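Starting from 1, each residue takes its place in the sequence as its number. Everything numeric in this text was worked out from a predicted model, so none of it was measured.
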Amino acid sequence: LTAMYQSDEIKNSDTLYREKLRPQFHFGARRGWNNDPNGLVLYEGEYHLFFQHNPYGWNWGNMHWGHAVSRDLVHWQELPEALYPDEHGTMFSGSAVVDWNNTAGFQTGQEKVLVCIFTAAGKPFTQGIAYSNDRGRTWTKYESNPVLSHIAAENRDPKVIWYAPQEKWVMALYLDKSDYALFSSKDLKKWEKMSDMAIPGTSECPEFFEIAVD
């Protein structure tokens, strides 16, 4: 990931994105602190990168979801913050999907809906969703969040995929220590637990995807 496009307002700055300690190859936000990439998703030729972001300081905390887009995975345009802290907590890591079949019923126009699934790091930690009908330029949080209530400790980092053979969404969620769980949903709003598992020596931020079995 390389330095992103400059905005119209500040593109003429002689030093923008050329600061002494700014990476020139890896993506970097205009300001603030960032880490964990979230919700890497492709829609109609545009790659979306969300990331943990404190836009108002250089230290960890005050977590938002930053957002950038690219058509070649090299040049990036940073967009406004996608998710802000709310009454449920700050916005911890998660994932994003394209709801091609409008399973959640959020679609209002011709564009397919992008849905972010995130952890609200409040007291307690819960899982919520937000959606966009305009290619990720604006976001609306689901009015009935959380979609998955607190289960254990600081349960977090939902990774969601579409499992086509059974026409359902599957979520992998970190629970505590080395414990994880899998959940399923038909509409991204109501989730049922399928199984628990322990993966010794690991913690948080699960990945979950299909592989071919010979």
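At distances below 3.5 Å, not a single donor-acceptor pair connects side-chain atoms of Asp176 with backbone N or O atoms of Asn155. Side chain of Asp187 to backbone of Lys189: a donor-acceptor contact under 3.5 angstrom is found. Here the side chain of Gln107 pairs no donor or acceptor atom with the backbone of Trp100 at under 3.5 angstrom. A donor-acceptor distance shorter than 3.5 angstrom exists from the side chain of Tyr43 to the backbone of Lys112, with no hydrogens or angles considered. Within the 3.5 Å criterion, the main-chain N or O of Ala198 finds no donor-acceptor partner in the side chain of Lys177. Remark: the backbone N or O of His64 is not paired with any side-chain donor or acceptor of Glu81 at under 3.5 angstrom. Between the side chain of Thr90 and the main chain of Asn62, no donor-acceptor pair closer than 3.5 Å is present. Remark: the backbone N or O of His75 is paired with a side-chain donor or acceptor of Ser70 at under 3.5 angstrom. Side chain of Thr126 to backbone of His150: no donor-acceptor contact under 3.5 angstrom is found. In this structure, His53 contributes its side chain and Arg31 its backbone to a donor-acceptor pair below 3.5 Å.
No side-chain heavy atom of Lys190 sits less than 4.5 Å from a side-chain heavy atom of Glu192. Within the 4.5 Å cutoff, the side chain of His67 has heavy atoms near those of the Trp139 side chain. Side chains of Pro158 and Leu148 form no contact here, defined as non-hydrogen atoms less than 4.5 Å apart. Proximity of Tyr131 to Lys141: side-chain heavy atoms (C-beta onward) are nowhere separated by under 4.5 Å.
Applying the 6.0 Å contact sphere to NZ of Lys186 captures more than 12 heavy atoms from other residues, nucleotides or ligands. Heavy atoms from other residues, nucleotides or ligands lying under 6.0 Å from CD of Glu19 number more than 12. Other residues, nucleotides and ligands contribute more than 12 heavy atoms inside 6.0 Å of the CD atom of Glu207.
The distance from the CH2 atom of Trp33 to the CH2 atom of Trp60 is 7.5 Å, given to the nearest 0.5 Å. Considering CD of Gln127 and CG of Asp157, their distance stands at 8.0 Å, rounded to 0.5 Å. We find the CZ-CG distance between Phe183 and Leu173 to be 5.5 Å, quoted to the nearest 0.5 Å. Expressed to the nearest 0.5 Å, how far CG of Asp99 lies from CG of Asn133 amounts to 10.0 Å. Rounded to the nearest 0.5 angstrom, Ile211 CD1 and Phe209 CZ are separated by 6.5 Å.
Residues Arg71 and Gly45 approach most closely at NH1-O, 3.2 Å, considering heavy atoms. Nearest heavy-atom pair across Pro206 and Ala172 is CG-O, 3.6 Å. Across Met91 and Gln52, no two heavy atoms sit closer than the pair O-NE2, 2.9 Å. Across all their heavy atoms, Phe208 and Ile161 have their closest contact at O-CG2, 3.3 Å.
Here the options are Thr119, Asn35, Asn38, the test is side chain to side chain donor-acceptor pair (under 3.5 Å), and the partner is Ser93; only Asn38 passes. When the options Thr140, Val113, Leu188, Leu114 are evaluated for a side chain to side chain contact (heavy atoms under 4.5 Å, CB included) with Phe106, the one that passes is Val113. Tyr47 pairs in a side chain to side chain contact (heavy atoms under 4.5 Å, CB included) with only one of the listed residues (Leu40, Val41, Val69, Leu73), which is Leu73. The residue from Tyr174, Phe125, Phe50, Trp65 that alone fulfils the ring-ring contact (aromatic ring centres under 6.0 Å, His included) condition with Phe92 is Phe125.
In this structure, a donor-acceptor pair under 3.5 Å is present between the side chains of Tyr180 and Thr202.
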